[in-house]
Student: 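Structure incoming, see below.
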Amino acid sequence: HEAKGLLAELLELEDVLGQPGRWPLDVIAAWVGPSGADQDFRLPDLAIEVKAVGPDAAGVTISSLEQLE
């Protein structure tokens, strides 16, 4: 479960790094991962909560309303 979540966050990191105008060091610094923040990435103009699911998943669990901000 944890490895799947880490892999999903690394794939999202790669995606965010590919966005025009994103500086690599800013994107890496924005990755807060399992530190307890509401979202996994916190950029000034963007917050992302990454959820990883398996192929048979029927849904995901959101642990707080703050994750949806």
Side-chain angles (χ1 to χ4, degrees):
H1 176 73
E2 290 177 2
K4 186 185 341 180
L6 176 59
L7 181 59
E9 289 181 22
L10 290 172
L11 290 169
E12 184 63 22
L13 177 67
E14 180 180 44
D15 185 54
V16 175
L17 283 169
Q19 295 176 357
R22 298 283 184 206
W23 294 97
L25 291 178
D26 292 340
V27 174
I28 291 168
W31 182 28
V32 294
S35 69
D38 291 325
Q39 291 89 18
D40 297 310
F41 293 88
R42 300 295 305 250
L43 291 148
D45 63 328
L46 181 67
I48 302 170
E49 173 62 21
V50 177
K51 296 292 185 185
V53 298
D56 296 328
V60 298
T61 301
I62 305 297
S63 61
S64 68
L65 288 176
E66 288 76 19
Q67 287 186 332
L68 299 176
E69 287 183 9

Student: Working to the nearest 0.5 angstrom, can you tell me the gap between L7 CG and L13 CG?
Tutor: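 So the gap between those two atoms works out to 11.5 Å.
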Student: Return the set of residues passing side chain to side chain donor-acceptor pair (under 3.5 Å) with D56 (not counting sequence neighbours), or none when no residue passes.
Tutor: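 By the side chain to side chain donor-acceptor pair (under 3.5 Å) rule, D56 matches no residue at all.
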Student: Can you give me the closest heavy-atom contact between G54 and K4, atom names plus distance?
Tutor: N-NZ, 3.7 Å
Student: To the nearest 0.5 Å, what is the distance between CG on D15 and CG on L10?
Tutor: 12.5 Å
Student: Is it the case that one hydrophobic cluster holds both V32 and V16, taking links as side-chain heavy atoms less than 4.5 Å apart, direct or via other members?
Tutor: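 No; tracing contacts between hydrophobic side chains, which count when under 4.5 Å, never links both residues.
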Student: Which atom pair, heavy atoms only, marks the closest approach of V53 to G59?
Tutor: CG1-O, 3.9 Å
Student: I need the L46 CG to R22 CZ distance, nearest 0.5 Å.
Tutor: 5.5 Å
Student: Applying a strict under-4.5 Å side-chain criterion to I, L, V, M, F, W and Y, I'd like to know whether I48 and V27 cluster together.
Tutor: yes
Student: Going by side chain to side chain donor-acceptor pair (under 3.5 Å), name the residues that satisfy it together with E2, two or more places apart in sequence or in a different chain.
Tutor: none
Student: For the CG atom of L17 and the CH2 atom of W23, what is their distance to the nearest 0.5 Å?
Tutor: 13.0 Å
Student: Could you give the distance from CD (E12) to CD (E49), rounded to the nearest 0.5 Å?
Tutor: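 Rounded to the nearest 0.5 Å, the CD-CD separation comes out at 10.5 Å.
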